[in-house]
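Beneath this line is the structure, given in structure tokens, with notes to follow.
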Amino acid sequence: MSTELRRARNRQMVIFLLVCAGMVLLSGRLYYWQVMQGPQLAKAANAEHLQSQTLNAPRGRIYDDAGQLLATNVVRDDVYIEPSQLVTDYPDTYQSERDTLIQKLSGVLNNIPKEKLTSAFNSSAPTVRVAISITPDQSQKLKNLHLPYIFLEPRTWRTYPGNDLAAQTLGFVQEGATGGSPQGIYGIEKKYNQLLSGKAGSFSAETDLNGNPLTVGPSFEQNAVPGDDITLTIDSTIQYQLQTDLEARVKQMGAMSGTAVVLNARTGAIVAMAGAPSFDPNDYSKYAGDTDCRGQLEVYSNPVVYCAYEPGSTMKAVTMAAALDQHLIKPTDTIQDPGYLAFKDGTPTVANWHNLGYGTESMTQVLEHSANVGAAWVATQKLGARGFYPYLQRFGFGQRTGVLDPESAGAYRTPVSKDWSPSDLARQSFGQSILVTPLQMASAYQAIANDGVLMQPYLVSSLRDKDHTTTIQPHEERQVISADTAKTLTSMLESVAQFNKDIVPGYRVAIKTGTATIQGLADTNTDASMAGFLPASNPQFVILVKIDHPTATIYGGSAAGPVWKDIAQQLMWHYSIPPDAAS
């Protein structure tokens with residue numbers, strides 16, 4: 001073979017090997033892009049032409065017991081401008097075009113300073129939001145003006161038609177931090193947030209280069225599922241009256257705060273509950289830093305379930321209930337009350353208010369006089385720890401009701417507590433050394449009013465989705481005291497009302513007042529309260545009113561009593577309850 005032919009064949013072999021190497025490299029790259037990176041690239045390609053949008057579900061509405069809207073949704077427009085596009089289109093006359101737009105825009109959005117609009121137009125951003133949730137009238141005016149570089153974006157907002165009506169029961173809604181569905185904060189909005197929120201939907205479509213859906217392209221839509229509607233047991237008429245009276249009384253008494261609640265005596269349904277001060281959930285941020293419950297809680301929390309306090313003399317009815325139910329006392333049993341009660345076990349002496357002595361005193365008169373001595377005598381000499389504490393448990397003290405979150409369970413020491421002493425037993429009998437919530441105390445009186453049967457307090461009467469309605473039925477917790485004991489105690493509490501001249505014209509009432517002093521504070525710094533029910537012959541409603549640190553008068557009957565009696569009268573009129581008092 002000639003040298004020239006050999007060289008030619010060698011060149012052919014080199015070229016062949018290079019071609020083979022190239023084919024191997026090309027095959028490797030094809031495998032990498034098509035097999036290894038294929039799914040990711042396909043996803044990226046689709047993302048350029050397919051766009052998905054989350055469709056937030058309409059939030060469920062909240063109604064009162066008569067079907068009146070307490071919380072609903074409205075669509076309001078936000079206003080956006082396009083400052084960078086304005087500069088691009090009018091590089092030479094930008095300032096005059098800008099000023100013309102600001103002049104026309106501020107004529108509609110007159111609550112926004114022109115300086116703020118000027119600053120927004122001077123931004124280099126593509127879009128700037130200059131107004132949130134404008135009124136329908138403002139939206140229409142802007143649409144009629146056809147202003148360039150300005151557009152409206154509709155958005156759904158939660159609104160509360162009653163403003164502050166039942167605000168601490170309802171709570172409020174905040175926009176999702178990452179643009180998701182709004183989240184309930186406090187109250188019903190928080191506790192039932194998942195049900196109220198519904199289920200978000202989605203919309204996917206193939207788009208053009210500008211992001212507009214193609215009518216000939218594929219699309220997919222999953223409808224949003226609206227949130228459930230909730231109906232409460234709240235009666236808006238009584239709720240409004242309760243809030244109005246309570247707020248006025250707190251101001252009249254120069255008090256720090258106040259709380260009130262109305263229960264249906266037979267079912268445990270919450271008819272109304274309020275705290276003062278309160279807030280407007282339509283503008284909740286305005287109240288940041290405001291407090292209730294003697295300044296201990298945020299104003300957004302519901303003090304009926306979250307404000308634990310020493311109840312004072314309203315607890316004496318519970319002490320008497322325990323002793324009567326175990327047949328340890330009768331209403332006519334008497335003691336000698338010199339104004340104080342001394343103990344041999346080291347328990348500090350118990351004294352009546354202002355050390356008043358009442359001499360020979362029946363158990364009914366112990367309640368009439370609100371005598372600490374008599375209550376402590378019953379607890380320490382008749383009941384003892386074994387006879388007293390099971391009844392605190394049965395009445396529901398120290399236990400959350402589950403009505404709303406957050407909720408306090410209250411607290412009290414028992415003989416199994418490491419720091420308990422016999423002094424706790426004596427003091428708890430008249431409402432010291434124990435913390436309860438207003439709802440717990442009202443529920444205790446509900447059990448007395450309901451022939452000794454404690455009902456689960458509840459706030460939601462029904463839930464309604466698109467298909468059906470679920471009705472919540474009253475739930476019996478337990479028989480706390482016998483029906484005979486409840487009737488006997490009711491008669492004793494009627495005597496208290498008559499003795500103190502706490503009357504509701506035409507009706508027999510059963511009540512007990514409380515003037516609770518707080519450990520470490522002056523005797524004039526009290527929580528003044530009144531708890532009870534009516535009509536006494538056939539109880540329908542339980543009412544508890546508490547005024548925190550009143551200064552005009554410090555006593556339960558004089559500070560809280562007027563609100564209690566006014567609400568009692570309103571309930572009798574509103575529900576057409578026939579009178580039961582002798583004319």
Side-chain angles (χ1 to χ4, degrees), residues 62-71 162 164-170 187-188 191 230-247 249 258-276 278 302-305 396 401-404 407 437-450 453-462 471-477 504 507 509-511 529-536 538-546 560 563-578:
I62 304 175
Y63 298 89
D64 78 347
D65 72 324
Q68 179 176 323
L69 271 172
L70 298 176
D164 67 345
L165 185 71
Q168 291 165 323
T169 296
L170 296 172
I188 289 292
K191 185 173 181 64
I230 293 179
T231 298
L232 304 183
T233 58
I234 295 293
D235 182 317
S236 289
T237 300
I238 301 302
Q239 178 70 34
Y240 175 80
Q241 191 67 47
L242 188 67
Q243 283 188 215
T244 303
D245 285 3
L246 182 67
E247 182 179 355
R249 195 61 181 169
T259 312
V261 58
V262 178
L263 299 180
N264 183 304
R266 299 305 182 187
T267 67
I270 299 173
V271 178
M273 59 178 172
S278 187
N302 192 315
V304 173
V305 299
T401 65
V403 166
L404 283 179
E407 180 180 15
T437 66
L439 183 56
Q440 286 173 342
M441 183 54 70
S443 291
Y445 278 78
Q446 177 274 317
I448 298 168
N450 191 37
V453 178
L454 178 69
M455 303 297 293
Q456 170 71 36
Y458 69 105
L459 184 58
V460 173
S461 62
S462 69
T471 301
I472 286 78
Q473 299 295 334
H475 175 69
E476 180 180 318
E477 286 282 2
V504 175
Y507 297 90
V509 298
I511 57 119
S529 63
M530 179 179 282
F533 49 88
L534 81 165
N538 182 22
Q540 299 297 310
F541 296 101
V542 176
I543 310 167
L544 182 142
V545 178
K546 178 170 74 78
V563 176
W564 195 101
K565 286 178 276 191
D566 184 53
I567 295 303
Q569 187 70 77
Q570 294 295 329
L571 286 163
M572 297 301 99
W573 290 338
H574 183 62
Y575 287 96
S576 301
I577 307 297

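Starting from 1, each residue takes its place in the sequence as its number.
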Out of Ile234, Asn302, Asp164, Ile62, which one pairs with Leu170 under the side-chain contact (heavy atoms from CB on, under 4.5 Å) rule?
-> Ile62
Could you go step by step and tell me if Asp235 and His574 meet the side-chain contact (heavy atoms from CB on, under 4.5 Å) rule?
-> CA-CA 10 Å; Asp235 182 317; His574 183 62; 2.8 Å; yes
Is the closest side-chain heavy-atom distance between Val460 and Thr231 below 4.5 Å?
-> no
So Asp566 and Arg249, side-chain contact (heavy atoms from CB on, under 4.5 Å) or not? Walk me through it.
-> CA-CA 11 Å; Asp566 184 53; Arg249 195 61 181 169; over 6 Å; no
Can you name the one residue among Leu246, Val271, Asp245 that meets side-chain contact (heavy atoms from CB on, under 4.5 Å) with Ile567?
-> Asp245
Do the side chains of Ser443 and Leu454 get nearer than 4.5 Å, heavy atoms only?
-> yes
Between OG of Ser236 and CD of Gln241, what distance do you get to the nearest 0.5 Å?
-> 13.0 Å
Hey, could you give me the CD/CG distance between Gln446 and Asn264, rounded to the nearest 0.5 Å?
-> 8.5 Å
Would a 4.5 Å heavy-atom cut-off, applied to side chains only, mark Gln540 and Pro535 as touching?
-> yes
Report yes if the side chains of Glu247 and Ser278 come closer than 4.5 Å at any heavy-atom pair, otherwise no.
-> no
Under 3.5 Å, is there a donor-acceptor pair between the Glu407 and Thr401 side chains?
-> yes
Leu263 side chain near Leu439 side chain, heavy-atom distance below 4.5 Å | yes
Between CD1 on residue Ile472 and OG1 on residue Thr233, distance to nearest 0.5 Å | 10.0 Å
Heavy atoms of Pro438 and Val261 approach each other most closely as O-CG1, 4.2 Å
Nearest heavy-atom contact between Ala265 and Phe541 is CB-N, 3.9 Å
Would you call Ile511 and Tyr445 a side-chain contact if the rule is heavy atoms closer than 4.5 Å?
-> no
Working to the nearest 0.5 Å, report the span between OG1 of Thr169 and CD1 of Ile270.
-> 7.5 Å
Report the C-alpha separation of Val403 and Tyr458 in whole Å, then their side-chain angles, then the decisive distance to 0.1 Å, and conclude whether the side-chain contact (heavy atoms from CB on, under 4.5 Å) test is met.
-> CA-CA 6 Å; Val403 166; Tyr458 69 105; 5.7 Å; no
Side chains of Tyr507 and Met572: does their closest heavy-atom pair fall under 4.5 Å?
-> yes
Ile238/Tyr575 under side-chain contact (heavy atoms from CB on, under 4.5 Å): CA gap, chis, key distance, verdict | CA-CA 10 Å; Ile238 301 302; Tyr575 287 96; 4.3 Å; yes
Quick one: are Val304 and Thr437 in side-chain contact, heavy atoms under 4.5 Å?
-> no
Hey, what do you get for CG (Leu404) to CG (Leu459), rounding to the nearest 0.5 Å?
-> 5.5 Å
Between the CZ atom in Arg266 and the CG atom in Asn538, the distance rounded to the nearest 0.5 Å is 5.0 Å
Note: Leu242 and Ala272 closest approach over all heavy atoms is CD2-CB, 3.8 Å
Looking only at heavy atoms, which two atoms of Gln239 and Ala274 are closest? And how far apart?
-> NE2-CB, 3.9 Å
